[in-house]
Amino acid sequence: MSEKAIWEGVSHPFIVSMYTSFQDATYMYMLLEFVVGGEVFAHLRRMGKFSNNHTRFYVGQIVLALDYLHSENICYRHLKPENLLLDMDGYIKMTDFGFAKKVEDRTWTICGTPEYLAPEIIQGLGHGKAVDWWALGVLMFEMLGGYPPFHDENPFGIYQRVLQGKVELPHFFDMSACHLISKLLTHDLSKRMGGVDRCCDAQVRCHEWFCDLSFAELEAKLMPAPLIPAVEGDDDTEQYEDYPDSVEFATQAFNMDVDATLFHSF
């Protein structure tokens with residue numbers, strides 16, 4: 001219900017749209033926009049890592065989406081390559097708002113993916129929207145390097161590495177990218193870029209790594225994408241893996257006896 005409420009209240013070119021929702025006696029359903037190009041995670045694993053310009057194209061869109069969410073006092077808390085989809089034109093669509101929450105000041109829920117958790121979440125000290133900027137630093141690193149900055153065989157090992165705060169930046173990273181990652185992966189919230197309040201979100205966009213990027217053109221989708229998904233149409237599902245229960249579930253859902261008035265808004 002929380003995810004549904006968040007999705008009903010957001011509208012942004014880089015966020016998956018929810019068209020409508022309905023329910024039966026057992027389940028609630030959310031009818032979402034189909035994003036044909038697949039997960040950024042799959043493309044990243046296929047390519048190994050992204051170039052500096054490729055990464056900047058994606059990160060710029062995420063910055064705009066986070067700026068928007070934060071302006072609505074929404075903390076996303078689930079940024080990772082698996083939750084970033086590509087549309088037919090190669091632009092980002094953020095999805096999965098299961099951990100998103102309206103946060104005026106702080107919240108204490110511990111949730112997220114271990115590699116992307118900010119230290120204040122792990123420590124249970126209460127956290128705010130600054131955790132999204134930490135996660136952006138992790139994402140930047142993973143896109144540029146092909147692996148996350150904090151990794152271990154088990155979650156507790158990952159948490160220890162996050163709390164130690166030691167990030168080894170590869171020598172092939174662009175210098176300005178290194179500076180931005182370092183500013184995002186900062187424990188001290190007063191020093192973390194975007195870490196204090198809403199007015200600090202703009203600091204990220206003003207960083208020198210984005211000096212050659214027009215955010216206005218990016219938001220208007222006027223820039224050529226570095227990767228165009230290989231799809232044959234807007235209903236092509238080839239960019240997604242098949243799951244054993246996909247056909248069965250789809251058949252069950254399609255055969256549901258649902259009152260047509262539930263789809264009126266669609």
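All values derive from a computational prediction rather than experimental measurement.
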Using side-chain heavy atoms (C-beta onward) and a distance below 4.5 Å, is [X] in contact with [Y]?
X      : Y      : answer
Val162 : Ile158 : yes
Thr113 : Leu79  : no
Gln23  : Tyr27  : no
Leu85  : Tyr240 : yes
Tyr68  : Val10  : yes
His12  : Leu64  : yes
Pro155 : Tyr159 : yes
Glu219 : Pro13  : yes

**Fill in**
Hits for side chain to side chain donor-acceptor pair (under 3.5 Å) against Ser190, two or more places apart or cross-chain, chain-then-number order -> Asp188
**Request:** Take Thr107 and Lys101 through the test side chain to side chain donor-acceptor pair (under 3.5 Å) and record every step on the way to the result.
**Result:** CA-CA 9 Å; Thr107 185; Lys101 185 177 183 179; 2.6 Å; yes
Identify whether [X] and [Y] are in the same connected component of the hydrophobic contact network (ILVMFWY, side-chain heavy atoms under 4.5 Å).
X      : Y      : value
Leu213 : Met143 : yes
Leu139 : Tyr147 : yes
Val138 : Ile110 : yes
Val131 : Trp108 : no

**Item:** Non-neighbouring partners of Phe97 that pass ring-ring contact (aromatic ring centres under 6.0 Å, His included), sequence neighbours left out
**Value:** Trp7, Tyr76
Atom pair [atom1]/[atom2] of [X] and [Y] - distance to nearest 0.5 Å:
X      : Y      : atom1 : atom2 : answer
Phe150 : Gln160 : CZ    : CD    : 13.0 Å
Ile74  : Leu66  : CD1   : CG    : 11.0 Å
Thr95  : Leu84  : OG1   : CG    : 9.5 Å
Asp67  : Ile62  : CG    : CD1   : 12.0 Å
Leu32  : Phe34  : CG    : CZ    : 11.5 Å
Leu180 : Glu208 : CG    : CD    : 9.0 Å

Is [X] reaching over with its side chain to a backbone N or O of [Y], donor-acceptor style, under 3.5 angstrom?
X      : Y      : value
Lys129 : Gly194 : no
Arg106 : Gly128 : no
Asp132 : Arg77  : yes

**Message:** Using a 6.0 Å cut-off, check whether atom CZ of Phe215 has over 12 heavy atoms from anything other than its own residue.
**Reply:** yes
Please give me the minimum heavy-atom distance between [X] and [Y], naming the atom from each residue.
X      : Y      : value
Tyr116 : Pro81  : OH-CD, 3.2 Å
Ala177 : Met140 : O-CE, 4.0 Å
Arg205 : Phe210 : O-CB, 3.7 Å
Pro149 : Leu185 : CG-CD1, 4.3 Å
Leu218 : Gly60  : CD2-C, 3.5 Å

Taking only residues two or more places apart in sequence or in another chain, which ones pass side-chain contact (heavy atoms from CB on, under 4.5 Å) with [X]?
X      : value
Leu125 : Gln123
Cys178 : Leu169, Phe173
Leu189 : Glu120, Ala130, Arg192
Lys183 : His179, Met193

**Asked** Which pairs with one or both residues in residues 79-90 pass salt bridge (charged side-chain N to carboxylate O under 4.0 Å, His left out), sequence neighbours excluded?
**Response** Asp87-Lys221
**Request:** Could you note down all residue pairs passing salt bridge (charged side-chain N to carboxylate O under 4.0 Å, His left out) where residues 91-100 supplies at least one of them, sequence neighbours left out?
**Result:** Glu33-Lys93
**Request:** Might you work through the side chain to side chain contact (heavy atoms under 4.5 Å, CB included) test for Met223 and Tyr91, ending with a clear yes or no?
**Result:** CA-CA 10 Å; Met223 299 178 64; Tyr91 276 76; 3.5 Å; yes
**Request:** Hey, could you give me each pair passing side chain to side chain donor-acceptor pair (under 3.5 Å) that has a residue in residues 223-239? Not counting sequence neighbours.
**Result:** none
**Prompt:** Looking at residues at least two apart in the chain, or sitting in another chain, which of them share a salt bridge (charged side-chain N to carboxylate O under 4.0 Å, His left out) with Lys4?
**Reply:** Glu8
**Request:** Dump the intermediate steps for side chain to side chain contact (heavy atoms under 4.5 Å, CB included) on Val103 and Asn73, then the final yes or no.
**Result:** CA-CA 6 Å; Val103 178; Asn73 285 322; over 6 Å; no
Can you give the donor-acceptor pairs under 3.5 Å from side chains of residues 35-45 to other protein atoms, not counting sequence neighbours?
residue: His43; atom: ND1; partner: Arg46; partner atom: NH1; Å: 3.1
residue: His43; atom: NE2; partner: Gly37; partner atom: O; Å: 2.8
residue: Arg45; atom: NH2; partner: Glu142; partner atom: OE2; Å: 2.8

**Trace of the side chain to side chain contact (heavy atoms under 4.5 Å, CB included) decision for Ser182 with Val167** = CA-CA 8 Å; Ser182 298; Val167 181; over 6 Å; no
List, one per line, each side-chain donor-acceptor pair under 3.5 Å for residues 50-57, sequence neighbours excluded.
residue: Ser51; atom: OG; partner: His54; partner atom: N; Å: 3.1
residue: Asn52; atom: OD1; partner: Trp209; partner atom: NE1; Å: 2.9
residue: Asn53; atom: OD1; partner: Arg56; partner atom: NH2; Å: 2.4
residue: His54; atom: NE2; partner: Tyr58; partner atom: OH; Å: 3.0
residue: Thr55; atom: OG1; partner: Ser51; partner atom: O; Å: 2.9
residue: Arg56; atom: NH1; partner: Trp209; partner atom: O; Å: 2.7

**Item:** Test log, rule ring-ring contact (aromatic ring centres under 6.0 Å, His included), inputs His127 and Trp134
**Value:** CA-CA 11 Å; His127 61 273; Trp134 173 280; over 10 Å; no
**Asked** Going by an N to O cut-off under 4.0 Å, is there a salt bridge joining Asp152 and Arg161?
**Response** yes
